[in-house]
Structure formats: structure tokens, C-alpha cells
Q: 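There's a structure below that I have some questions on.
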Amino acid sequence: MGVYEEINKYKDYIDKNILVYYTKTNLKRMKIDLINRDNFDKKYSRGGLCMIRGYYNPSLIEEIVTTNISRGNLLKKVTKRSRPDYCYYFHQGEIKLVQKHCCDEVEFQRFEWINREGDVEYSILTDPDEFSGMVVSKYKEGKVIRNSFLNSYFSADSFDLILEFYEYDQIGKLVCAEMNDISVFNNKLFETKYSLKFNYDERNMLNDCMLSIDGKDAYPCRIPPIVKSLITGEEIPELPSKSPLSRGELLKELRKIISSWKGENIYAISLFINHDDSTITDFEISFNHEEGQIGEERWNYAFWEQDGITLDYLLEHRNVKWKKLLDLCAVSIKQLQKENFLKETFGKDIAVIIHGYEYEDIELEATRNANPNGQAEEFFDALKNYL
């Protein structure tokens, strides 16, 4: 099949789904649910901003295929510090609406409206007065067998589409899955195909999976605990706590990640630690690069792209408190600064900001300690004027 035939196949698929689900009846139902949403039961989550629907994303494989992302965590309670990213609305036990960036004060809040008819669950992503995208999931005997994510739809010749296919054995174990990541821009096709094979032990316990990209040699991949739980239907086991997170372990991960950014025009690195009281809800690292930002945009994290790499895996099965992690990050970054690791990697001094949303005094103290030779002075100057 040629490229144009392939593109037209995906266009036809999208057109058929729009015709079936983006109807006047469904738009009317969505409007009614939006009006009545305050009467629905609510749940909140943090993280997962890189995934449609966050914690309740129907994909079983996206976190495996796309490393350094997660679906986030449900919050036991909502406080000023927890700042949830998603609000989920449930009616009679079924999820009906998802509100993204629910704490942001913007004129238009983006919602996803979800409906279930038999073995098909579908949703419509809302933007002001126009179709933006949809998710369609097909189930069989309670297990997902196909997902399609129309993530963006600019026009008939420019769209982003992800198709997932799942295969189970006779006793219902997931044995393999495929994901096709399709982008069409001005009728040019960009496509990546991922294939996963899941391996079980003699007790039918899920061990690991092998991932192949575009038909190349497969390699083993880690399955996050929450994904393993979704695949097997078993609760995440209470595993014994690991030994405390050490400076050596954190330094190893920081060096590996930061080294991969060599060549980027970076001027600042963020170690973002969000917390609810002493419990850590997010731990990730990101950077901002020189693009002519001036004033507040240069140093206010709210203006950064925030396409971070999660470090949550370092905290799994560990009882790490917020203040302890702040101290550990400050000591580790200070070590990198003293070694000139950042300067040698990027050819210049780099500020590393350790912070949450509020730039609390204890976070500022950690940032100052982490940058002993004045690497973050421009940030502190901006703090006086803007933040």
C-alpha cells in the first residue's frame, strides 16, 4: 500500500468515527452533563498531563512505550498545595467528564465527555465551538481490545492519531499488543509502530515484556506497578520498603538524564517537587532553553514548557518525606556544581532550581545551597521583581 493510500485509510477511519460519535445527540448530552457536573461525584489526580485523561487513560501500554511518563496518582484529599491537574466526574459509578488543568484560572476549561454504549466507550474532547479530538475504546468480556486516540485534528490533511490493538490468550492473559503512532501533516505521513510481547512465569504471573520498534530487535521493558495491576486485574502488592534513597543513586540518575541533554541551549534546570503536607505527589526534572525569554517568562516555572522527565520511580516503595528529599536534591546538585559537571556538559554555568509551585522559603534555601557559586543569582534577582 502506498503512502497516499495509507493516509486515506486513516482519514476514512477518522471520518467514520466522527460521523458515528460526533453527533447532535451526543453534543446535546455533553452539554447537559457539563451543566449538571456539580451534582456528580468527583475524584482528583496529580500528574499524567502528557496522557489524555491522565490517571484514567484506557491505554495499557503507553507508559511502557513512551518512557518517563506516567498516568499520575489519585489524591486522597485536595489541598492548596496538592493542586490537582485533573478532576474526574462520575455519574452512577461511570466516568462522564474529565477536566484538565482544573486549577488553572483560564477563560475556557477543557473537558473530555465520555459515554459508554455496550462494549464501546467513546469520548469527545471539547474546545470552544470546534471539534478537537476523540477517544474510542472497544472492549470484549471486560478487556480492552482496541483503542484509538485522535489527539489533535487540525484539518483533513493534518492530524495525530494513535491506534492500539490487544490480544489475549484463552484464559484472558494479555499476550501481545501493538501501537501505531501516526502523524499526518500537510498530507505527509510519519508513522512509528510498536510491538509488545508479555511474558509470564509458570504460575501465570506477569514478569516483563519485550518491545520492538518498527520491526527491529526486541528489548526488555519495565512494566510500572500500576500498569501491571491494570493488565492482571490484581491490586498493587504491598512490597517491603527499599533502603532510603541515597545521594549516590540520585546522582547516578541525574548524571544520566542531564548528559542526554548535551547540545540543548539550556540556561536553567528544574527539580520540581510537589507535595501534600509531607507526602510527595510529583518529582520530576526538566529544563528551559534560550529562546529570547525575558523578565518573568525566563524564570517563572509556570511559563516553561514543563515537558519533564518523571523521577517518581526513585521513590517507589520508599518512605521519603518532602523536606528530606529537598535536602538530598540540594546536596546532590551541589556535588555536580562542585565537580563542574554542568559547566563541562553545557559549556557554561547552569542554574538548578529546586522548587514546587509556591517557591517556599525552604525550597529557596535548598536552591541557594545547591548553587554555591552564584549560579542561580539571576533567578533570585527575578524572584524579587516578578515571583
Side-chain angles (χ1 to χ4, degrees), residues 1-34 48 50-54 56-62 65-66 71 86 88-89 91 94-100 110-168 177-195 230:
M1 185 181 293
V3 172
Y4 289 110
E5 289 82 359
E6 194 81 8
I7 292 174
N8 286 330
K9 179 184 73 173
Y10 296 132
K11 286 181 181 178
D12 290 343
Y13 176 83
I14 292 170
D15 289 341
K16 287 178 182 177
N17 278 279
I18 291 175
L19 186 65
V20 171
Y21 302 115
Y22 193 70
T23 64
K24 290 182 178 180
T25 299
N26 281 336
L27 291 175
K28 184 177 180 179
R29 290 174 178 172
M30 178 175 65
K31 186 176 181 180
I32 292 172
D33 285 339
L34 285 168
C50 294
M51 301 179 70
I52 287 182
R53 212 179 294 176
Y56 286 101
N57 189 300
S59 174
L60 301 180
I61 58 177
E62 187 168 358
V65 170
T66 310
R71 63 185 60 222
Y86 287 92
Y88 304 99
Y89 297 83
H91 180 57
E94 290 191 359
I95 190 168
K96 295 299 296 182
L97 291 167
V98 179
Q99 183 180 6
K100 192 173 183 179
R110 180 169 181 168
F111 286 87
E112 180 186 3
W113 177 76
I114 304 167
N115 195 42
R116 183 79 177 249
E117 295 180 1
D119 288 332
V120 178
E121 181 184 86
Y122 58 90
S123 70
I124 299 172
L125 303 178
T126 64
D127 273 338
D129 303 320
E130 63 180 17
F131 174 78
S132 174
M134 64 169 52
V135 179
V136 181
S137 301
K138 178 68 182 298
Y139 291 83
K140 183 178 181 180
E141 298 177 352
K143 297 181 181 295
V144 62
I145 59 173
R146 185 174 71 243
N147 283 321
S148 66
F149 299 85
L150 182 56
N151 294 326
S152 60
Y153 187 76
F154 304 107
S155 64
D157 62 0
S158 297
F159 54 85
D160 292 319
L161 176 68
I162 291 176
L163 300 176
E164 297 179 349
F165 306 92
Y166 298 84
E167 184 177 331
Y168 302 83
E178 293 183 357
M179 174 192 283
N180 290 359
D181 190 348
I182 303 140
S183 291
V184 173
F185 182 72
N186 289 339
N187 277 323
K188 292 182 180 178
L189 175 65
F190 307 89
E191 185 173 9
T192 304
K193 295 184 178 181
Y194 304 87
S195 298
L230 291 170

Q: Can you give me the closest heavy-atom contact between N187 and Y4, atom names plus distance?
A: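 Distance-wise, the nearest heavy atoms are O-CE2, 4.3 Å.
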Q: Of all heavy-atom pairs between I18 and M134, which one has the smallest distance, and what is that distance?
A: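 Closest pair (atom of I18, atom of M134, distance): CA-CE, 4.1 Å.
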Q: In the structure I gave you, are the side-chain heavy atoms of L163 and Y10 within less than 4.5 Å of one another anywhere?
A: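 Touching, per the 4.5 Å side-chain cut-off.
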Q: Do N26 and Y122 pair up side chain to side chain, a donor and an acceptor below 3.5 Å, judged on atom types alone?
A: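 Looking only at side-chain atoms, Y122 and N26 do form a donor-acceptor pair, the distance falling under 3.5 Å.
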Q: A side-chain contact here means heavy atoms from C-beta on lying under 4.5 Å apart; do V65 and E62 qualify?
A: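 They are not in side-chain contact.
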Q: When you measure from the side chain of S137 to the backbone N and O of N147, does any donor-acceptor pair fall under 3.5 Å?
A: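 Checked: no pair found.
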Q: Any side-chain to backbone donor/acceptor pair from Y22 onto L27? Under 3.5 Å, distance only.
A: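 Such a contact is absent between Y22 side chain and L27 backbone.
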Q: For S152 and D160, test the side chains for any donor-to-acceptor distance below 3.5 angstrom and give the result as yes or no.
A: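 Yes, D160 and S152 have a side-chain donor paired with an acceptor closer than 3.5 Å.
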Q: Measuring from E94:CD to I114:CD1, what's the distance to the nearest 0.5 Å?
A: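 Result: 10.0 Å between the selected atoms.
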Q: Between atom NZ of K100 and atom CZ of R110, what is the distance when rounded to the nearest 0.5 Å?
A: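 Going from the NZ atom of K100 to the CZ atom of R110 covers 6.5 Å.
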Q: Looking at every heavy atom in both V144 and Y166, which two are closest together, and how far apart are they?
A: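 Looks like O-CB, 3.5 Å.
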Q: Quick one: pull up CZ in F111 and CG in L34 and give me the separation to the nearest 0.5 Å.
A: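 One gets 6.0 Å once the value is rounded to the nearest 0.5 Å.
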Q: Does any non-hydrogen side-chain atom of N57 lie less than 4.5 Å from one of F149?
A: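 They are in side-chain contact.
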Q: Using atom types as modelled and distance alone, determine if a side-chain donor or acceptor of R29 lies under 3.5 Å from a backbone N or O of K31.
A: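 Pair absent, no side-chain N/O of R29 close to backbone of K31.
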Q: Indicate the atoms forming the closest heavy-atom contact of L60 with L230, along with that distance.
A: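 L60 and L230 have their closest heavy atoms at CD2-CB, 3.8 Å.
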Q: Side-chain contact test, heavy atoms from C-beta onward, threshold under 4.5 Å: evaluate it for N17 versus L150 and give yes or no.
A: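 Side chain of N17 against side chain of L150, heavy atoms only: no contact under 4.5 Å found.
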Q: Sub-3.5 Å donor-acceptor pair from the side chain of T192 to the main-chain atoms of D181, do we have one?
A: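 No; judged by distance alone, with no hydrogens or angles, the pair does not exist.
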Q: Is any side-chain heavy atom of K140 closer than 4.5 Å to one of D119?
A: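 They are not in side-chain contact.
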Q: Does a side chain donor of either N115 or K96 reach within less than 3.5 Å of an acceptor in the other side chain?
A: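 There is such a pair between these side chains.
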Q: How close do E178 and I61 get, counting heavy atoms only, and between which atoms?
A: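 Distance-wise, the nearest heavy atoms are O-CD1, 3.9 Å.
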Q: For E117, is the CD atom crowded, meaning more than 12 foreign heavy atoms sit under 6.0 Å from it?
A: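 Yes, because the 6.0 Å sphere around CD of E117 holds more than 12 heavy atoms from other groups.
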Q: Report the distance from atom CE of M179 to atom CD of E164, rounding to the nearest 0.5 Å.
A: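 Reported value, rounded in 0.5 Å steps: 4.0 Å.
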Q: So, taking the atom named OG1 in T23 and the one named CD1 in I124, what distance separates them when rounded to the nearest 0.5 Å?
A: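 The OG1 atom of T23 sits 6.5 Å away from the CD1 atom of I124.
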Q: Do you know which two heavy atoms are closest between K11 and D157, and how far apart they sit?
A: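 Residues K11 and D157, closest heavy atoms: CE-CA, 4.4 Å.
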Q: So does R53 get a backbone contact from the side chain of Y88, meaning a donor-acceptor N/O pair under 3.5 Å?
A: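 Yes; at least one donor-acceptor contact below 3.5 Å.
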Q: Answer yes if the side chains of E112 and Y56 hold a donor-acceptor pair under 3.5 Å, and no otherwise.
A: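 Distance-only check fails for E112 and Y56.
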Q: List the steps and the verdict of side chain to side chain contact (heavy atoms under 4.5 Å, CB included) for D33 and Y89.
A: CA-CA 10 Å; D33 285 339; Y89 297 83; over 6 Å; no
Q: What is the distance from atom NZ of K9 to atom CD of E5, rounded to the nearest 0.5 Å?
A: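 With rounding to 0.5 Å, NZ (K9) is 11.0 Å from CD (E5).
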